[in-house]
**Q** 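Once you've had a glance at the structure underneath, I'll fire off some questions.
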Amino acid sequence: MSKNVEQLDQVVIRIAGDSGDGMQLTGDRFTQETAMFGNDLATFPNFPAEIRAPQGTLAGVSSFQVHFADHDILTPGDRPDVLVAMNPAALKANLGDLPKGATLIVDTHDFTDRALARIGWTSNPLEDGTLDSFHVHSLELTKMTLDALADTELSRKDAGRSKNMFALGLLCWMYSRPTEGTVEFVQKKFAANPAIANANITAFKAGYHFGETTESFAVQYEVKPSVQKPGTYRNISGNLALAYGLIAAAKRSGLPMYLGAYPITPASDILHELSKHKRFGIRTFQAEDEIAGIGASLGAAFGGALAVTTSSGPGIALKGETIGLAVSLELPLVICDIQRGGPSTGLPTKTEQSDLLQAMYGRNGEAPVPIIAAQSPGDCFDAAIEAARIALTYRTPVFLLSDGYIANGSEPWLVPSVEELPDLTTQFATEPNGPDGVFWPYLRDPQTLARPWAVPGTPGLEHRVGGIEKADKTGNISYDPDNHDFMVRTRQAKVDRIADTLPPLVVDDPSGGAPANGGVAGGGGTARVLVLGWGSTYGPIGAACRQIRSAGAAIAQLHLRHINPFPNDLGAILARYDKVVIPEMNLGQLATLIRAKYLVDAVSVTQVRGLPFKADELAEMLQTVIQQGVIEHA
Amino acid sequence: MSKNVEQLDQVVIRIAGDSGDGMQLTGDRFTQETAMFGNDLATFPNFPAEIRAPQGTLAGVSSFQVHFADHDILTPGDRPDVLVAMNPAALKANLGDLPKGATLIVDTHDFTDRALARIGWTSNPLEDGTLDSFHVHSLELTKMTLDALADTELSRKDAGRSKNMFALGLLCWMYSRPTEGTVEFVQKKFAANPAIANANITAFKAGYHFGETTESFAVQYEVKPSVQKPGTYRNISGNLALAYGLIAAAKRSGLPMYLGAYPITPASDILHELSKHKRFGIRTFQAEDEIAGIGASLGAAFGGALAVTTSSGPGIALKGETIGLAVSLELPLVICDIQRGGPSTGLPTKTEQSDLLQAMYGRNGEAPVPIIAAQSPGDCFDAAIEAARIALTYRTPVFLLSDGYIANGSEPWLVPSVEELPDLTTQFATEPNGPDGVFWPYLRDPQTLARPWAVPGTPGLEHRVGGIEKADKTGNISYDPDNHDFMVRTRQAKVDRIADTLPPLVVDDPSGGAPANGGVAGGGGTARVLVLGWGSTYGPIGAACRQIRSAGAAIAQLHLRHINPFPNDLGAILARYDKVVIPEMNLGQLATLIRAKYLVDAVSVTQVRGLPFKADELAEMLQTVIQQGVIEHA
Amino acid sequence: MPDIADLGLKAKDFKTDQEVRWCPGCGDYAILAAVQGFMPELNIPRENIVFISGIGCSSRFPYYMNTYGMHSIHGRAPAIATGLSSSRPDLSVWVITGDGDSLSIGGNHLIHALRRNVNLKILLFNNRIYGLTKGQYSPTSEIGKITKSTPMGSLDNPFNPVSLALGAEATFVGRTLDSDRKHLTSVLRAAAEHKGTALVEIYQNCNIFNDGAFEVLKDSDTRDDWIIRMEHGQPLRFGDGTRAVVRDGNGMLSIADGVAEDDPRVVIHDAHTDDPSYAFALSRLSSIDSRYSPMGVFRSVEHPTYDEQMAAQVEAAAAKAPGDNDALNALLAGADTWTVR
Amino acid sequence: MPDIADLGLKAKDFKTDQEVRWCPGCGDYAILAAVQGFMPELNIPRENIVFISGIGCSSRFPYYMNTYGMHSIHGRAPAIATGLSSSRPDLSVWVITGDGDSLSIGGNHLIHALRRNVNLKILLFNNRIYGLTKGQYSPTSEIGKITKSTPMGSLDNPFNPVSLALGAEATFVGRTLDSDRKHLTSVLRAAAEHKGTALVEIYQNCNIFNDGAFEVLKDSDTRDDWIIRMEHGQPLRFGDGTRAVVRDGNGMLSIADGVAEDDPRVVIHDAHTDDPSYAFALSRLSSIDSRYSPMGVFRSVEHPTYDEQMAAQVEAAAAKAPGDNDALNALLAGADTWTVR
Ligand SMILES: Cc1ncc(C[n+]2csc(CCOP(=O)(O)OP(=O)(O)O)c2C)c(N)n1
Ligand SMILES: Cc1ncc(C[n+]2csc(CCOP(=O)(O)OP(=O)(O)O)c2C)c(N)n1
Ligand code: SF4
Ligand code: SF4
Ligand SMILES: [Mg+2]
Ligand SMILES: [Mg+2]
């Protein structure tokens, strides 16, 4: 039968099932096809901390959400238009997020009384009216998969495993996605095991054809490609982009890279990725703990490598003392903190922005460390390069902050060409710089205040460095009171000077009319309220601002890449607005720094739920601020 | 011959020599005699990081300063009226601090060309006029000591060791100090070795008689006892007072104390002291590192002990992750940070206040920890008790901040009676508190929000706690977004509520006239400038304020015991003044917190020299603020 | 062993209402069942038992034991347990840890707990992999291990946990297997009876990231060839009985085949010799692919325990001069006081 | 050994202008002199030598060596040196550490460096006390030690650094004495020649806080009775020559007196056996008051080193497919791209 095709400008799909059901893989594939098709998109994987949480339980539910559109979008979407639920637990866990009228595709296979009882359902929601306000497609996905694979040698158990591919096929038909990529992908992935490969492909195609043929799906949808800046694109996750950014930085600096790391969620994938690329002169060292991880990196930095260490909150806490040593030694070191829910072990697989003040102050003494933050998956690439630039130029440890949301989420990314990336060429010291041929390791560059980087193997520059306070210039141990005061202020000044090299900030305020007290750099609008953000809230804040603007109100958005030091023009910009609002996934950490530095009565809008802000919820909160002007401090 | 006696109201004496010369002991003894005599006093020991820095070098100089008076005083004094220099290095290292007209007592014994050259003196300062502006007594202290001990069996080397006692004797005569105490002390200390004991006593007496008889000292001085609050007094150092405060807290809480610690300067003495008092049910555990130290303490807290861990900056940095666990477990734990110069190893034997923001933010996630600070040696006792009160009442880790200056410095202390100290009696949970006989470890006290403390050995209350986010009430692992948000805010609220139990702040502003916009609680003066401080700057700030007042200006002083949370009335008080000045031995850490919370344009006055502020320098800086109103931010 | 009848506890009394969250087929289930089955034997009231773990799949264990428990942070359980045990010698304190938790990040706390001989029972779940973080190699993984973090193979020599423990002055070291409930229980029993720190290495299968690591010791066709069962006082014969551990000419231990009944070279197992050299030599017999694995108790010697001695010092001090209010008042006043009237 | 003439370096070339700040009489002076005296033998340019230390009196060492150096933080030197050595295999990297630095806070980094066999020479200055912090007991202090932190005596069994290292898979372990320059130099030489991690325990006198700890090994009246000099291939005879290390009946090592010339029980020292059991047994001979102290090289076996293998993997990967700009551009683009025009 032929079906009518309906045009949509955007769709949000969520696929949910047991953590063993391959939901993440299914989501990834659908995302790849969607990316290849040319839609703009954003994804949000969400899974439990356990490796294989118990089957059929709420705790075991794993989900993947993808938002795609014919125009540029900023978030994975707040509420799914379509939910695919592979079992009762998946349905129950996600039902709350569904808007009225949403489409529900349910695999009825597991809707047994036992299974329902296990999650506290006394009656079957497919029958008791629970789902009346949705378009429900109750399908025997598992059974149809088994039937499709009936004449293979696979056991029922193995065959059943392909049900996710059946569902994927169905979705691909519903949204007119290409299919070749997936077929290829499966063939590659299971090359070692053709039986499995074929089973998956068969199930995939069966699902696709089921969509074509079945009565229950009357319409097929189309979401046209979105118009993007010309160039070559790929889909990329934050951790992958961050790893690539580091590799690029090494290449552009001409230095070998050394990563010292200890595995921890959600940072481990950076270690995994970098360990694959030894050909680029990258050494990855899985240390006995985080302290050894950063210690080894610092040793490599002393030896002339682009040194990196990666971790998440608990591991960063352990590195504090060594970061202090790096500050004192003034050696380049990129410290990546992929933030997760805290305190303590907290919520390892959930996102949060609560390590900002730890990055700022989490060590003894006056030990300033520059901090830069990535704002989206693709942006992790540029942020990594900028972190390396600062570390190498100023001979200092640098914090690069990301979080679980952008680390695992993905978006289309305009692939850069290596040759056009910033030149990070770094000069080692080669000559004595002091009187009569001596070398002074703490004689600074007058511009940057950076000290010379003299690496072992350089004749005539033999020198000793250490964590005890040292004399200006010579670097010898010094307990002199005035020297200490001078060195403390000089280390601070070195970090502060980074601000002088930063580009002007760009405020996003499309509203017409007279610029707010002579606003510049994009701030040329009428908005009286500025939303200030950092890190992964970029997407939700942007989406919320769009909602507010399309609702007719004016609002300005400014997102910070550099948090320490703040850009020089930040103060002037903040002063231009009646109200500054700072949404954060913490209790107001950036707000604390902004208020302390600029004495601006910034309003904190906070959520600490382990999840990104929902654009519409955020828009609401912002509206209140615009109207009442104030929201009680979180 | 009889000498005339002159009355003085106060004197500052500094004794300096090689770190091997026993300067600290000499200073301690003089201090004890002075305390016994009833003067008010303050001391400042200052010594190198090396155990025995090389003899005769500037780096090896160790000194001890004591300030005593017939009225109450706040600091060891800025500039010594009298300097005793046991060798050329001691003279050179301290000369800069001497005011014109100061008295100099020099042991000429080591003033050889070699010794002078070694410290870069080409001519002999005793002869070349360098010392013209001082009253110089060039004495053969060493030789006189040797002569006095000529007919003992001691080798010249050993005999020479007593020269410090000779000097002490001389000083005791000069300032009419009692001598019995010292004689007794020496007998006890060297009981094992009578020869040494006698030598020291002989030298001591020889020095005393030399003063009596020699022509060169025409006058003897007297400093009358100071009028103090009635009661029994002793001289006490900060670390000793802190240790005693902890013992008292254990006694008043009825709990055994457990200290898990790893040695580190300047905190080690607390471990040493507590290890002596096992009779009070105190267990001290020297751990393999700081992490094990706090870990063991946390384990003991789980078992029902008053748990304590002590360290300094670098060690505190290592404890960050475990402090986060303590926040999550909500168990009582007193964390003592005896601050020293940073960053990194920094200046181990010098003082600094640069761990405040580390204490506030040095761990992953939103992990609030109450912070209280001690302001003088004797005050460490009360601060320790208050820290224990908060830890036990709110079931939380608490930071107790001290620093090298008050830790090693000493002052007279009104000895309290144990029975009158705060009652810290603590109730363990004994009964199930949940539905049908279950125990809920996170069901909170509605008042304090503290959770029940159920210790192993209590039947029916078996439960599990951990660092993963837990469900409200039951404490079971929970990944629920709303629960996480609730728990994060509840942990913060629990700490914030501590402010409700704090006494009103007392501002010191003796200036008459109408209270500044209806100021209360001591703030009843006309001062327009408030000096806000915390920790060991109390003395110097107080002394500076006195100077300013006696110079006719009005200035108000407020010193904070509680830094997290801030007392409820702080905001209102700050609002009363035109200008708030915050002197700190860091780059403005309290100022950052005050500005962020109250948006008050507090002015930072900072010195990071490893030494306490000099009262007169500070007074000057404050004067500028009072006059120009502003000082450029440090 | 006190009479079990006393408290009449059952295995189920040690189960909690928390859903067990390991992967289906994980070796941890068998260990949990064995421990819950063994606990009643201790005949210690549940409230006097504490399980403390670090972080890792294995470290979820305490949530499933109906006793007091703490799921702490990565690698720190031995330190935390040391504080609890040394402040509360009346408790039975058990540490649950993984090969990464105890030998990677927690290595230092482990060796110090062992040398101190604190009264702790440490169960080391060795699956030779990082399970919870999804499959990186661990300090017990064989050289050349291909994992997510070592695509070209790992380079570090693994630790032999038994050798390391013996080098760290351990007074009790045992080894057993997740799937052999009877043997596991017997080693737990020996550990529980030991006064001081007892380290029990449990070979545990991670069927997701390192499946079959110990298969040769489980497969009924091969296990008897490779498992060397150690029983104090018994000859170290295994396989068909003609295989044995012998002292070769220069006094070193080695494996011999076809050893006669009366061969004097056959080593009679002695777990109680004070010199750890013998137990150390035994620990070196096994190859990293776990062939020739001595199973049972390598070493069990009585030394004074840290917790008891700490308590003794406190008691001795108090006996000499009780720490009452008067004593404290006297301490606060010190020797040199003066009075102002 | 390359011909010293080559570079013609002298001991004084390794001295710095920094004033040495140890207490008069400290054993560290002798060690410094011995190391500075030995360095020229290496015939390595000064710029290719790096000394990395932790914190402690001993850890001031690098300031006095005119090479590259780092005075790092407490206990972390082995980790920092691992990063340097594994990223720069061309360098000669030396670690200076104390018994507290390496065995207390740094214990984990030490045992992991040993098992990895990174090319490091670790000199452990063992004075059995915390010097810099003014005299608390250390992990090598004898039980019952009265110190500032243990007024009633310490309770923990000390580590035997040699046993611990052997339990941690060390490929080279030696022991020597601060005051015996000739012997110290010979052990440094052996360590320098070893490829991989070499641990050298140096008994060092702290005359301020633990004076005389090793007196029995220094006093000319007693030292020959207690020092067991180990020379590869030589019988372990000492004292007047009639004292020797022998294998007793059950194959264990022990000390025998009045051993005849031809007594077959006398052990011939073999530092190269792969099984560490023998070296371990030797390490157990000495009593904590350091009587019967084997001195020299306990174990020295060749295994692949971590730094070389890491370099090999990087080279192999690059050889297979060079990591040039094109390669990186291809990597960035990945498999699935689309183009917008
Ligand atoms: C400080 C810190 N670092 C790293 C982690 C991440 N992490 C959790 S468990 C683990 C290792 C797990 O391996 P193992 O101890 O062998 O336990 P298993 O899961 O295999 O039972 C790691 C690296 C963490 N939670 N905390
Ligand atoms: C993180 C940290 N913890 C503690 C200290 C204090 N500390 C410095 S050296 C030292 C131990 C010194 O003993 P050892 O390593 O034996 O060296 P030694 O002085 O005896 O040569 C300690 C505890 C420190 N500097 N840093
Ligand atoms: S990952 Fe491995 S160790 Fe962890 S639960 Fe699953 S099977 Fe067990
Ligand atoms: S304290 Fe001991 S180890 Fe340190 S320098 Fe002095 S003598 Fe040497
Ligand atoms: Mg494991
Ligand atoms: Mg030492």
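Keep in mind that the numbers below use all heavy atoms, side chains included, and drop hydrogens, waters and symmetry copies. In what follows, chains are A, B, ... by sequence order, proteins preceding strands, each numbered from 1.
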**Q** What part of B:Ser19 is in contact with chain D, defined as an atom under 4.5 angstrom from a non-hydrogen atom: side chain, backbone, both or neither?
**A**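 Neither; nothing under 4.5 Å.
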
**Q** What part of D:Leu132 gets closer than 4.5 Å to chain B, counting heavy atoms only: side chain, backbone, both or neither?
**A**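 It is both, since atoms from each part get that close.
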
**Q** Kindly give the heavy-atom pair with the smallest separation between B:Ser275 and D:Lys148, and that separation in Å.
**A**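 Between these two residues, the closest heavy atoms are OG-O, 3.4 Å.
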
**Q** For B:Asp28, which residues count as a side chain to side chain contact (heavy atoms under 4.5 Å, CB included) partner, sequence neighbours excluded?
**A**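 B:Phe64.
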
**Q** Are D:His74 and B:Thr345 side-chain neighbours, meaning at least one heavy-atom pair lies under 4.5 Å?
**A**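 No. Closest side-chain heavy atoms not under 4.5 Å.
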
**Q** Only pairs of heavy atoms separated by less than 4.5 Å count here; which of D:Leu155, D:Ile208, D:Thr147, D:Ile73 has the most with chain B?
**A**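 So the answer, after comparing D:Leu155, D:Ile208, D:Thr147, D:Ile73, is D:Ile208.
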
**Q** Write down the atom of B:Gln286, the atom of D:Ser149, and the distance for their closest heavy-atom approach.
**A**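 Taking B:Gln286 first and D:Ser149 second, the nearest heavy atoms are OE1-OG, 2.5 Å.
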
**Q** Contact part of D:Ser154 toward chain B, heavy-atom cut-off under 4.5 Å: side chain, backbone, both or neither?
**A**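 Interface part for D:Ser154: neither.
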
**Q** So do the side chains of D:Lys134 and B:His272 get within less than 4.5 Å of each other, counting heavy atoms only?
**A**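 SC-SC contact between D:Lys134 and B:His272 ruled out.
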
**Q** Are more than 12 heavy atoms, taken from residues, nucleotides or ligands other than D:Gln18, located less than 6.0 Å from that residue's CD atom?
**A**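 Buried by this count: over 12 neighbours within 6.0 Å.
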
**Q** So which heavy atom on D:Ser104 is nearest to which on B:Glu288, and how close?
**A**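 The answer is OG-O, 2.9 Å.
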
**Q** Which atoms of B:Ala261 are under 4.5 Å from chain D, going by heavy atoms: the side chain, the backbone, both sets, or neither?
**A**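 It is neither, since no heavy atom gets under 4.5 Å.
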
**Q** Please state whether the side chain, the backbone, both or neither of B:Leu274 comes within less than 4.5 Å of a heavy atom of chain D.
**A**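 Contact with chain D involves no heavy atom of B:Leu274 at all.
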
**Q** Output the distance between atom NZ (B:Lys276) and atom OG1 (D:Thr150), rounded to the nearest 0.5 Å.
**A**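 One finds 12.5 Å between NZ of B:Lys276 and OG1 of D:Thr150.
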
**Q** Checking heavy atoms, do the side chain of D:Tyr137, its backbone, both or neither come under 4.5 Å from chain B?
**A**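 When you check distances to chain B, atoms from both the backbone and side chain of D:Tyr137 fall under 4.5 Å.
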
**Q** In terms of heavy-atom proximity below 4.5 Å to chain B, should D:Cys26 be classed as side chain, backbone, both, or neither?
**A**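 No part of D:Cys26 comes within 4.5 Å of chain B.
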
**Q** Should we say atom CG of B:Asp113 is surrounded by more than 12 heavy atoms from elsewhere, each under 6.0 Å from it?
**A**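 No, not enclosed.
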
